[in-house]
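Note sheet for the following structure.
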Protein chains: 2
Amino acid sequence: MRPKNLEKEEAIRTIALQIIAEEGLENLSMQKLAKAANISPRTIYIKYENKEDLLIKLFVDEVLGAYEKAILEKFNADMEFAEGVKRLWTNAFRYFKNNRHAFVLMQYGKSSPLLYKAYQERDIKEGDYFAPIHRFLERHAKAGVIRKLPQEAYRAILFSPAFDLINEYFDCLNRPKQLITEKVFSDSCDAVIKGLLK
Amino acid sequence: MRPKNLEKEEAIRTIALQIIAEEGLENLSMQKLAKAANISPRTIYIKYENKEDLLIKLFVDEVLGAYEKAILEKFNADMEFAEGVKRLWTNAFRYFKNNRHAFVLMQYGKSSPLLYKAYQERDIKEGDYFAPIHRFLERHAKAGVIRKLPQEAYRAILFSPAFDLINEYFDCLNRPKQLITEKVFSDSCDAVIKGLLK
DNA sequence: ATCATAAGTAAACAAACATTTACTTACTTT
DNA sequence: AAAGTAAGTAAATGTTTGTTTACTTATGAT
């Protein structure tokens with residue numbers, strides 16, 4: 001039996017992310033993707049059931065999965081509060097700097113109903129990547145280091161500013177300004193940490 | 001001359017937002033919109049040049065414009081820091097609670113290249129709705145009340161958590177949990193304020 | 001060497017797409 | 001009351017969509 005050409009599989013993923021980032025999710029079509037990847041449309045259907053399946057797998061495996069793995073690198077729930085948060089921010093910044101196209105699909109996950117649903121179902125099935133961070137926060141809350149809030153609020157306060165800054169960072173690359181430096185990112189992280197400390 | 005039927009114009013806007021919120025931007029078609037609004041496709045083209053024009057005008061006028069107006073209500077640059085931020089958060093929460101569909105298109109503005117571009121160009125042309133908030137922050141930074149950061153960092157730290165919490169709030173409405181109460185929203189706002197205070 | 005088989009292709013499919021054409025309707029102006 | 005006109009409709013335009021059909025190719029197993 002003829003083996004799969006792994007280069008072609010990767011081309012599908014890479015170029016799909018590229019089209020989504022540059023032209024938008026609403027402008028990705030199977031035929032456009034096939035042409036850009038220099039393959040036949042049929043080839044996409046060997047790996048993916050249909051377009052929805054492709055999008056969900058791209059989002060869940062390629063983007064969410066890789067991000068979650070990257071953000072938890074060298075992090076563990078026993079760290080000091082400030083140290084742990086800093087590590088998570090640094091990891092997120094580094095990962096997305098090197099995966100700009102993934103960042104855009106990540107953002108689509110917050111608006112597209114299809115992807116948002118996949119995100120929620122994944123959290124239930126795979127048991128929430130947030131678990132170590134959850135333990136980390138709960139421990140510091142119990143110890144009285146930080147103020148007590150629901151996990152969702154922690155998530156919002158601690159991480160959404162990082163996403164916003166990364167978005168701004170990419171904007172800076174396109175335009176003639178250079179606002180979001182490592183220093184600004186680090187100072188912002190400090191501010192966020194301070195807000196939660198008791 | 002026969003006058004425009006304003007009800008039909010509003011139906012187009014309302015139902016377009018509804019389809020986008022429920023099925024996604026990538027699943028809005030002119031024919032689907034026309035059928036759902038009980039009009040002929042041609043009628044959409046009386047008011048809007050084409051689909052892109054419709055989307056941009058929906059996003060800029062209907063969503064961004066209304067949001068910016070709502071968030072600045074009873075706010076002015078001379079307020080105390082904590083008071084001002086609280087007002088902005090309260091305004092944002094109230095506005096989106098009553099305009100759930102607008103919130104989804106707002107989120108698409110952070111991922112869709114078409115909408116993101118429109119957002120940036122609007123800021124340049126209309127002179128940035130953020131101006132009063134900008135003055136407010138600059139004043140408190142100069143007075144030594146808050147730490148000095150670029151405007152983009154202020155924006156990220158102060159407002160992106162509010163968006164995230166609003167998103168979570170809508171999620172709570174769908175699922176059997178009730179986490180994001182006014183209290184949690186208010187406590188989160190306090191944490192964000194404290195983080196920026198010197 | 002050749003066979004079996006899944007990978008891969010090019011071309012086609014109906015359905016859905018954005019937009020237009022040809023026409024009718026309803027209201028203001030005269 | 002009649003005329004003029006933009007609003008509005010139903011149906012059709014050609015194009016693009018997601019997906020499939022019918023066929024070819026490359027490779028591990030025999």
Side-chain angles (χ1 to χ4, degrees), chain A residues 1-62 105 108 112-115 117-118, chain B residues 1-62 105 108 112-115 117-118:
Chain A
M1 148 180 134
R2 179 178 175 179
K4 282 189 192 184
N5 185 337
L6 294 176
E7 277 174 38
K8 278 178 187 170
E9 290 201 351
E10 211 200 303
I12 292 172
R13 292 192 297 264
T14 310
I15 292 176
L17 284 179
Q18 187 187 332
I19 293 175
I20 291 168
E22 287 170 2
E23 304 178 41
L25 185 58
E26 60 277 25
N27 288 308
L28 174 75
S29 84
M30 299 300 260
Q31 314 205 60
K32 192 190 273 185
L33 171 56
K35 188 167 271 184
N38 250 308
I39 52 163
S40 156
R42 183 69 182 78
T43 305
I44 304 172
Y45 289 89
I46 295 171
K47 186 96 197 286
Y48 304 99
E49 254 186 62
N50 50 38
K51 194 185 178 184
E52 286 205 354
D53 185 45
L54 164 66
L55 288 176
I56 289 172
K57 285 197 173 130
L58 258 182
F59 175 61
V60 169
D61 302 339
E62 211 64 17
L105 187 54
Y108 266 111
S112 158
L114 176 73
L115 299 182
K117 201 177 147 228
Chain B
M1 146 181 136
R2 181 176 175 181
K4 282 190 192 183
N5 186 337
L6 294 177
E7 276 174 39
K8 279 178 186 169
E9 291 201 351
E10 212 200 304
I12 293 172
R13 291 192 296 264
T14 310
I15 292 175
L17 284 179
Q18 187 187 330
I19 294 174
I20 291 168
E22 287 170 3
E23 304 179 41
L25 185 57
E26 60 276 25
N27 289 309
L28 175 74
S29 83
M30 299 300 260
Q31 311 200 78
K32 192 189 271 185
L33 172 57
K35 188 168 269 182
N38 250 307
I39 53 164
S40 157
R42 182 72 182 78
T43 305
I44 305 171
Y45 289 88
I46 294 169
K47 186 94 198 288
Y48 304 98
E49 253 185 63
N50 50 39
K51 196 185 177 185
E52 285 206 353
D53 186 46
L54 164 67
L55 288 176
I56 288 173
K57 285 197 173 132
L58 258 182
F59 176 61
V60 169
D61 302 339
E62 212 64 16
L105 188 53
Y108 266 111
S112 159
L114 176 74
L115 299 181
K117 200 177 147 226

From the list C/dG8, D/dT9, D/dA7, which nucleotide is the closest neighbour of the side chain of A/I46?
C/dG8
In this structure, how many angstroms lie between the P atom of C/dT20 and the CD atom of B/Q31, rounded?
13 Å
A/L55 atom CG is separated from D/dT19 atom P, nearest whole Å, by 10 Å
Is a side-chain N or O of B/S112 found less than 3.5 angstrom from the main chain of B/Y108, in a donor-acceptor match?
no
Euclidean distance, atom CZ of residue B/R42 to atom C1' of D/dA10 [Å, nearest integer]
13 Å
Side-chain donor or acceptor of A/K51 paired with backbone N/O of A/L28 under 3.5 Å:
yes
Sub-3.5 Å donor-acceptor pair from the side chain of B/T14 to the main-chain atoms of B/A11, do we have one?
no
Do B/R2 and D/dA7 share a donor-acceptor pair, side chain to base, under 3.5 Å?
yes
Closest-nucleotide 5' rank along DNA chain C - winner of B/P3 and B/N27
B/N27
Testing C/dC17, C/dT25, C/dG8 for proximity to the side chain of A/N5, the answer is C/dG8
Given the structure, check if the side chain of A/S40 and the base of C/dA10 hold any donor-acceptor pair shorter than 3.5 Å.
yes
Which is true for B/L28 with a 4.0 Å heavy-atom rule: it touches a base, it touches only sugar-phosphate, or it touches nothing?
sugar-phosphate
In whole angstroms, the gap separating P of C/dA18 from CG of B/L54 amounts to 10 Å
Rounded off to whole Å, could you give me the OH-to-C1' distance for the A/Y45 and C/dG8 pair?
15 Å
Remember a base hit wins even if backbone is also touched, and classify A/L6 as base, sugar-phosphate or nothing at under 4.0 Å, heavy atoms.
nothing
Could you tell me how far apart B/L25 (CG) and C/dC17 (P) are, to the nearest whole angstrom?
14 Å
Base, sugar-phosphate alone, or nothing: which one does A/K8 contact when heavy atoms must sit under 4.0 Å apart?
sugar-phosphate
With distance as the sole test, does B/K8 use its side chain to make a donor-acceptor pair with the main-chain N or O of B/T43 at under 3.5 Å?
no
Let me know the distance between CE of A/M30 and P of C/dC17, rounded to the nearest Å.
17 Å
Using atom OH of A/Y48 as one end and atom P of D/dG18 as the other, report the distance to the nearest whole Å.
16 Å
Scan B/S29 against the nucleic acid and name what it touches under 4.0 Å (heavy atoms): base, sugar-phosphate only, or nothing.
sugar-phosphate
Could you check whether any side-chain N or O of A/K32 sits under 3.5 Å from a backbone N or O of A/I19, counting only pairs where one atom can act as donor and the other as acceptor?
no
